[in-house]
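As the structure is a computational prediction, the values presented were derived from the model and not from experiment.
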Amino acid sequence: MNLPPGLVARPLVMSDASAVHALFAAAELADTGEVAVELEDIEGGWQRPSFDLEQESIGVFENGTLVAAGEVYKTRRAEATVHPDHRGRGIGTWLARWVEDCSRRRGGSLVGQSVPVGGSAERLYQSLGYREGWRAWVLVVPEGAAIEPQPLPRGYVLRDLVVGEDEETAYRLVEDAFNEWPDRQPSTFDDWAASTVRRPGFEPWQIRFAVDDRGTAVGVAFLIVTEGCGYVDQLAVRSDQRGKGLARALLVDAFARAREHGAARSELSTDSRTGALPLYEHVGMQVSQSYQHWMTDV
């Protein structure tokens, strides 16, 4: 299908990052009432070696202004949106078809996107015949809420990442844990690093390890702090170390450290594939946003 008159589309380039950030921020504010995306998220994502910006992204412009954008990662995961002021013009449908075509061209057979429950994007995907995948949630520790300490097992401690020594360990802990999810596509170290230890502005205190009584790192948490919010982006515990309270200890430690670095509240996201929702509710987190993943064969 064609774009509405007056609109043009082209692949995105690195210099578009700020405009893409502004676009997604405007969409998030309209759809959820708050902005979570950061410029560093976009820059970090675009520098992943497995992502081809020229082949796997698109921007839609009107008179030189970006009004919609989309990208497809590893043929399966789409991130696409239309500026709230330009919805209802058929751009979203065009963008969905571009996403499907991109996935197909890159060798994919299935593509989808997680969008706010009850929003315009969900209605669009329903109208296009997409089917439901997993449910996802954003959980929050509200401003001023008490953070109860979580004890570690005897002999276990928490410590910061040591630059030049621990990056591969953190990656392996996360990768091994996340690969337990059904149908997950593995990530390389360089892809993981692009959004963590090579993310613009990264500092070693953002990654904390749970270490056993022999000095072996058996759990890890990655924290991002921005504009008054601490976001626990990754949390993983080695499978043979679970059930000891290590995940809870890493979580509350991340919440406390977020406050030490100026955050008034803490957040994280999870989905129904992980089974971790009860853990987060157990430490006092509350669901603030709900998302549904919609997908289609291509």
Side-chain angles (χ1 to χ4, degrees), residues 11-28 32 34-59 66 69-81 99 102 106 113-114 136 138 160-161 163-164 166-175 177-179 181 184-209 220-236 254 257-258 261-263 266-271 291:
L12 297 167
V13 295
M14 288 301 296
S15 59
D16 291 319
S18 293
V20 171
H21 172 253
L23 168 67
F24 275 85
E28 284 188 343
T32 69
E34 60 183 41
V35 175
V37 66
E38 293 188 83
L39 177 60
E40 291 82 358
D41 297 328
I42 294 164
E43 293 173 335
W46 286 2
Q47 69 183 4
R48 292 171 294 194
S50 65
F51 181 66
D52 188 326
L53 187 60
E54 181 177 2
Q55 296 295 322
E56 297 172 325
S57 75
I58 198 72
L66 185 69
E71 62 185 60
V72 178
Y73 181 56
K74 290 186 175 180
T75 76
R76 286 194 185 181
R77 194 171 75 210
E79 293 289 344
T81 197
V99 162
C102 177
R106 305 295 286 176
Q113 180 172 353
S114 296
V138 175
D160 291 355
L161 173 138
V163 175
D166 289 330
E167 291 86 349
E168 185 74 29
T169 299
Y171 158 71
R172 182 48 55 194
L173 284 167
V174 170
E175 187 68 6
F178 286 16
N179 277 339
W181 298 5
R184 181 182 184 267
Q185 296 167 298
S187 291
T188 65
F189 172 80
D190 286 333
D191 270 8
W192 173 83
S195 298
T196 53
V197 294
R198 297 173 188 164
R199 185 178 189 271
F202 172 80
E203 297 182 17
W205 61 264
Q206 292 177 251
I207 290 183
R208 291 273 275 178
F209 292 102
V220 65
F222 171 50
L223 174 70
I224 299 170
V225 178
T226 179
E227 296 185 1
C229 179
Y231 184 76
V232 183
D233 186 72
Q234 296 174 13
L235 177 71
R257 289 171 72 82
H261 287 83
S266 293
E267 292 183 347
L268 57 75
S269 62
T270 190
D271 66 54
Y291 291 78

Between the side chain of [X] and the main-chain N/O of [Y], is any donor-acceptor distance below 3.5 Å?
{"X": "Asp16", "Y": "Ala19", "answer": "no"}
{"X": "Gln47", "Y": "Arg198", "answer": "yes"}
{"X": "Gln185", "Y": "Lys74", "answer": "yes"}
{"X": "Arg172", "Y": "Thr169", "answer": "no"}
{"X": "Glu54", "Y": "Pro11", "answer": "no"}

If you round to the nearest 0.5 Å, how far is [atom2] of [Y] from [atom1] of [X]?
{"X": "His21", "Y": "Glu38", "atom1": "NE2", "atom2": "CD", "answer": "7.0 Å"}
{"X": "Ser269", "Y": "Asp233", "atom1": "OG", "atom2": "CG", "answer": "7.5 Å"}
{"X": "Ile224", "Y": "Ser266", "atom1": "CD1", "atom2": "OG", "answer": "12.5 Å"}
{"X": "Asp190", "Y": "Ser50", "atom1": "CG", "atom2": "OG", "answer": "9.5 Å"}
{"X": "Glu203", "Y": "Leu161", "atom1": "CD", "atom2": "CG", "answer": "12.0 Å"}
{"X": "Ser187", "Y": "Tyr73", "atom1": "OG", "atom2": "OH", "answer": "4.5 Å"}

Kindly indicate whether the side chain of [X], heavy atoms from C-beta on, has any atom under 4.5 Å from the side chain of [Y].
{"X": "Tyr171", "Y": "Val197", "answer": "no"}
{"X": "Ile42", "Y": "Glu79", "answer": "no"}
{"X": "Val232", "Y": "Glu267", "answer": "no"}
{"X": "Glu175", "Y": "Pro186", "answer": "yes"}
{"X": "Phe209", "Y": "Leu173", "answer": "yes"}
{"X": "Arg199", "Y": "Asp41", "answer": "yes"}
{"X": "Glu56", "Y": "Arg106", "answer": "yes"}
{"X": "Val174", "Y": "Phe222", "answer": "no"}

Between [X] and [Y], what is the shortest heavy-atom contact and its length?
{"X": "Leu235", "Y": "Ala221", "value": "CD1-CB, 3.9 Å"}
{"X": "Val225", "Y": "Ala263", "value": "CG1-CB, 4.2 Å"}
{"X": "Phe178", "Y": "Arg184", "value": "O-CD, 2.8 Å"}
{"X": "Thr81", "Y": "Ala27", "value": "OG1-CB, 3.2 Å"}
{"X": "Pro49", "Y": "Asp191", "value": "CD-OD1, 2.9 Å"}
{"X": "Gln113", "Y": "Ala78", "value": "CG-O, 3.3 Å"}

Original post:
Going through the distances and angles, do Asp160 and Arg257 end up as a salt bridge (charged side-chain N to carboxylate O under 4.0 Å, His left out)?
Top reply: CA-CA 11 Å; Asp160 291 355; Arg257 289 171 72 82; 3.1 Å; yes
Subject >> Criterion side-chain contact (heavy atoms from CB on, under 4.5 Å) on Phe202 and Ile207, from CA distance to verdict >> reply: CA-CA 9 Å; Phe202 172 80; Ile207 290 183; 4.0 Å; yes
Original post:
Given the rule in the side-chain contact (heavy atoms from CB on, under 4.5 Å) test, do Met14 and Leu53 qualify, once you have shown the distances and angles that lead to the verdict?
Top reply: CA-CA 8 Å; Met14 288 301 296; Leu53 187 60; 4.0 Å; yes
Original post:
Do we see a donor-acceptor contact under 3.5 Å between the side chains of Glu71 and Trp46?
Top reply: yes
